[in-house]
Protein chains: 2
Amino acid sequence: MHTNLKRTLTKECINKVGEMVKVQGWVKKIRHLGNISFIVLRERTGELQCVLEGKLAGVIIETESVIEVIGKIVPTNNTVLGVELLIKSVKVINKNDLLPFEVNKKEVNTGLENLLNHRVLSLRHEKIASIFKIKATLEEAFREYLINMDFIRIFTPKIVSQGAEGGANVFNLNYFGKDAFLAQSPQFYKQMMVASGLEYVFEIGPVFRAEEHNSSRHLNEYISLDLEMAFIEEYEELMELETQVIKFMFEKVKEKNENELKLLNIEMPTITEIPKLKLHEAREILKNRFKKEMPEGDLNTEGEKLIATYIKETTGSEFVFITEYPKENRPMYTMPAENGLTKSFDLLFKGLEITSGGQRIHEYEMLVVSFREKGLNEENFQNYLNTFKYGVPPHGGFAIGLERLTAKLLELTNVREASAFPRDINRLTP
Amino acid sequence: MHTNLKRTLTKECINKVGEMVKVQGWVKKIRHLGNISFIVLRERTGELQCVLEGKLAGVIIETESVIEVIGKIVPTNNTVLGVELLIKSVKVINKNDLLPFEVNKKEVNTGLENLLNHRVLSLRHEKIASIFKIKATLEEAFREYLINMDFIRIFTPKIVSQGAEGGANVFNLNYFGKDAFLAQSPQFYKQMMVASGLEYVFEIGPVFRAEEHNSSRHLNEYISLDLEMAFIEEYEELMELETQVIKFMFEKVKEKNENELKLLNIEMPTITEIPKLKLHEAREILKNRFKKEMPEGDLNTEGEKLIATYIKETTGSEFVFITEYPKENRPMYTMPAENGLTKSFDLLFKGLEITSGGQRIHEYEMLVVSFREKGLNEENFQNYLNTFKYGVPPHGGFAIGLERLTAKLLELTNVREASAFPRDINRLTP
């Protein structure tokens with residue numbers, strides 16, 4: 001008699017008091033109290049308490065089974081939603097097997113490896129699902145901001161014939177008998193798209209790093225939020241743009257993910273201006289204040305963390321740009337500045353590098369010299385180099401590691417928690 | 001004196017009559033007429049005629065060089081824009097080399113191979129750039145429609161440990177000493193994300209097919225617009241959703257790409273309802289009307305074209321769904337229907353398959369049987385199969401090949417024209 005009912009979502013039930021509805025979802029909990037049983041049904045929009053009375057009570061349904069329930073929505077004081085469903089009929093759509101761990105508790109009590117081995121189950125926990133809802137918002141906001149700024153979405157190949165930044169740390173591939181690589185970044189291609197006259201381009205896609213790290217900060221496949229823009233006058237414009245982009249991304253999360261932030265107990269940082277430190281200034285602070293000597297031309301992991309603490313204490317900012325890296329420590333396409341320095345920057349967030357960026361070399365001869373200085377054979381990069389023969393404007397860009405940004409924002413202890421199916425040196429499944 | 005001027009875009013010049021502006025872009029054309037010279041400057045928002053008079057006239061600047069021009073905007077009847085710029089100073093920002101072909105003509109007179117070898121140049125032609133502007137709109141509209149429908153954006157791995165649909169036609173990879181593959185499609189992972197409780201998911205990303213075709217329809221790397229949704233009751237819901245999605249995508253192109261459509265001389269098809277043909281009906285039409293026998297269980301390329309002609313003639317539609325493919329011709333995850341058929345469909349657009357989709361099997365035992373029927377070793381798919389032990393709802397989905405859709409919409413003769421840097425059996429560069 002109710003077979004023609006369309007599915008009602010949990011979030012819609014609040015407006016259906018007195019109506020007969022059909023709901024579908026997973027059994028989060030089931031509880032029996034004599035002549036009455038309670039099923040908590042969970043689906044993507046929330047949870048609904050469903051009540052079994054009389055001869056329906058006492059029915060045994062495994063948690064995490066998929067069920068369809070038909071019944072009447074009634075008001076109640078016993079649920080957050082303010083309504084519950086009095087069950088008329090319940091049907092098991094798909095049963096489930098023995099669970100490797102319970103997902104209906106406030107916290108999931110199992111280790112990261114187990115969570116990742118059983119992603120389909122762990123994602124059913126609302127806190128874990130929240131990570132991916134927020135990650136989706138961050139990506140969506142990145143693109144929305146850029147499209148409003150007149151950027152165009154590009155798609156560049158992930159199978160390439162040359163290693164993006166010099167050949168190390170790339171995955172090799174047999175491409176119909178030819179040697180090929182997985183793209184480490186869309187760097188060369190996004191620059192080519194700028195040079196093609198599209199000027200303002202962005203890409204959101206996977207990048208692949210064959211790094212033999214096994215740390216809480218590294219993934220071997222991750223999502224890179226990349227942009228590149230023409231006709232910049234100074235590389236500071238890029239930092240200004242990134243500040244605005246991240247501000248917009250955080251505002252969108254505040255707006256769209258209020259529930260998820262509450263669940264994860266996260267307060268969004270407020271961004272006004274992001275402080276800038278020259279690398280040599282950062283090194284001096286570390287030396288004088290923290291008695292830490294940094295390796296030549298860079299900060300190490302410990303240095304990044306200490307500088308973050310210092311900046312947080314002195315300015316209140318969770319972010320800091322580090323600028324003026326020396327030529328030796330930056331890729332061959334980086335625009336040089338005076339005294340062996342470069343027009344480049346990193347962005348640290350809560351002590352972790354989430355961005356590298358900078359102005360790029362746009363003149364053919366200067367680029368050839370830079371390749372030679374790095375000891376690179378320019379013949380291996382001919383397709384990229386040829387671009388610069390045909391009139392390339394001054395340009396620059398940056399890339400944000402989406403999983404790192406998500407992990408730091410949500411105070412996850414391991415970047416793998418921000419990847420649904422992470423790839424690391426030991427993990428290729430699921 | 002004007003060094004502090006900010007860049008003005010061509011499209012903004014129309015509102016700057018009488019003002020001194022700075023413009024930057026590429027020299028599309030230069031033409032000398034005695035005491036006066038004309039430079040047509042091109043950038044991402046359009047073209048601007050710049051006039052050199054008196055002693056500035058006669059200056060030689062290579063076409064496709066990047067220049068910066070400062071001058072006054074004046075009204076004129078000689079340009080489409082209604083204004084031109086009287087040059088006060090002109091600076092070459094980056095010169096260019098000898099061009100391999102001219103890009104300032106109405107049509108580019110060179111072959112596809114040459115266009116692809118020199119993508120940075122060919123993209124400077126406004127007709128070619130238009131393809132990628134429209135492609136970007138199609139992608140943007142796909143996601144916008146789905147986000148409005150409560151779908152969530154997911155990211156699934158491209159390096160995988162198992163071939164998505166059985167192992168053939170995958171690229172192999174050495175992953176830290178382990179055998180790995182490039183994902184043929186996000187099929188398994190998007191189903192797992194549905195099963196994880198996210199229910200409505202979509203992904204936009206590259207897929208990799210190691211097919212040894214060398215046709216105008218195949219790419220070895222392309223962008224797949226994928227979606228998957230839970231709690232469907234019939235697979236017809238998927239076709240209805242796809243109809244609405246494509247309709248929305250086309251409306252967005254009409255709205256955002258009026259200029260590009262005009263340039264390419266494309267009239268957008270109007271979509272009301274998309275006709276459906278059962279495979280056996282299509283085969284009968286081909287046999288009776290066109291005297292063509294199709295291979296068992298599918299249509300070949302010629303058959304797809306003839307059916308498109310037939311549907312166009314009889315219904316006016318450029319699209320047609322072909323349904324009820326037999327089990328033997330569909331992947332092992334396809335939901336069976338009666339009489340050895342399946343709840344699956346293809347979508348043809350102007351005679352080319354742009355989508356495969358359908359309902360999926362959601363019960364563990366049924367799926368295991370299906371794997372065995374296909375002669376597949378279920379142990380190789382354990383991570384995927386395990387998903388179905390934990391309560392998976394009825395679900396289904398489809399994928400649209402973005403380059404194929406773009407190519408057909410814009411009446412390109414080769415799908416490679418819709419890929420900035422296509423990968424085919426012979427092409428791995430640029």
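In what follows, chains carry the letters A, B, and so on, assigned in the order in which the sequence lines appear, proteins first and then strands, with residues in each chain numbered from 1. Bear in mind the structure is a predicted one, so any value in this text is a computation, not a measurement.
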Can you list everything that forms a salt bridge (Lys or Arg N to Asp or Glu O under 4.0 Å) with A:Arg153? Sequence neighbours excluded, please.
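Result, salt bridge (Lys or Arg N to Asp or Glu O under 4.0 Å) vs A:Arg153: B:Glu139.
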
Could I get the full list of salt bridge (Lys or Arg N to Asp or Glu O under 4.0 Å) partners for B:Lys127, not counting sequence neighbours?
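Checked B:Lys127 against salt bridge (Lys or Arg N to Asp or Glu O under 4.0 Å); matches are B:Glu107.
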
Least distance between heavy atoms, [X] atom then [Y] atom:
X	Y	result
B:Ala420	A:Phe155	CB-O, 4.2 Å
B:Tyr189	A:Pro430	OH-C, 3.1 Å
A:Pro393	B:Val66	N-CG2, 3.8 Å
A:Arg44	B:Leu198	CD-O, 3.5 Å

Side chain from CB out, backbone as N, CA, C, O: work out which of these in [X] comes under 4.5 Å of a heavy atom of chain B, or both, or neither.
X	value
A:Ile223	side chain
A:Val103	neither
A:Glu221	side chain

[X] [atom1] to [Y] [atom2] distance, which is reported to the nearest 0.5 Å:
X	Y	atom1	atom2	value
A:Glu43	B:Tyr200	CD	OH	10.0 Å
A:Leu121	B:Lys389	CG	NZ	11.5 Å
A:Gln24	B:Glu233	CD	CD	6.0 Å
A:Asn426	B:Lys178	CG	NZ	5.5 Å

Of the listed residues ([options]), which shares the most heavy-atom pairs with chain B below a 4.5 Å separation?
options	answer
A:Ile204, A:Ile67, A:Thr156, A:Asp97	A:Asp97
A:Leu99, A:Asn96, A:Val120, A:Ile152	A:Val120
A:Val27, A:Asn386, A:Leu182	A:Leu182
A:Thr387, A:Val92, A:Asn220	A:Asn220
A:Ala136, A:Ala195, A:Ser196, A:Pro422	A:Ser196
A:His125, A:Glu211, A:His118, A:Gln382	A:Glu211

Would you check if the side chain of [X] reaches a backbone N or O of [Y] as a donor-acceptor pair within less than 3.5 Å?
X	Y	answer
A:Arg423	B:Val160	no
A:Tyr390	B:Lys95	no
A:Glu64	B:Gly391	no

Which bit of [X] is near chain A, if near means a heavy-atom gap under 4.5 Å: side chain, backbone, both or neither?
X	result
B:Phe208	side chain
B:Pro206	side chain
B:Ile147	side chain
B:Thr45	side chain
B:Ile93	both
B:Glu140	both
B:Glu365	side chain
B:Arg143	side chain

Which one of B:Pro157, B:Pro394, B:Gly197, B:Gly25 has the most heavy-atom pairs closer than 4.5 Å to chain A?
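Heavy-atom pairs under 4.5 Å are most numerous for B:Pro157.
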
Pick from B:Asn117, B:Thr137, B:Asp150: which one has the most heavy-atom pairs with chain A under 4.5 Å?
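Of B:Asn117, B:Thr137, B:Asp150, B:Asp150 has the most heavy-atom pairs under 4.5 Å with chain A.
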
Heavy-atom count around B:Asp179 CG within 6.0 Å, excluding the residue itself: above 12?
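12 or below, so no.
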
Specify whether A:Tyr175 and B:Phe171 have parallel, tilted or perpendicular ring planes, treating 30° as the upper limit for parallel and 60° as the lower limit for perpendicular.
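Judged by the thresholds at 30° and 60°, the geometry between A:Tyr175 and B:Phe171 is parallel.
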
Under a 4.0 Å threshold between the charged nitrogen and the carboxylate oxygen, would A:Arg7 count as salt-bridged to B:Glu199?
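Yes, charged N to carboxylate O under 4.0 Å.
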
Would you say B:Ile159 and A:Leu428 make side-chain contact, with heavy atoms under 4.5 Å?
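Side chain of B:Ile159 against side chain of A:Leu428, heavy atoms only: contact under 4.5 Å found.
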
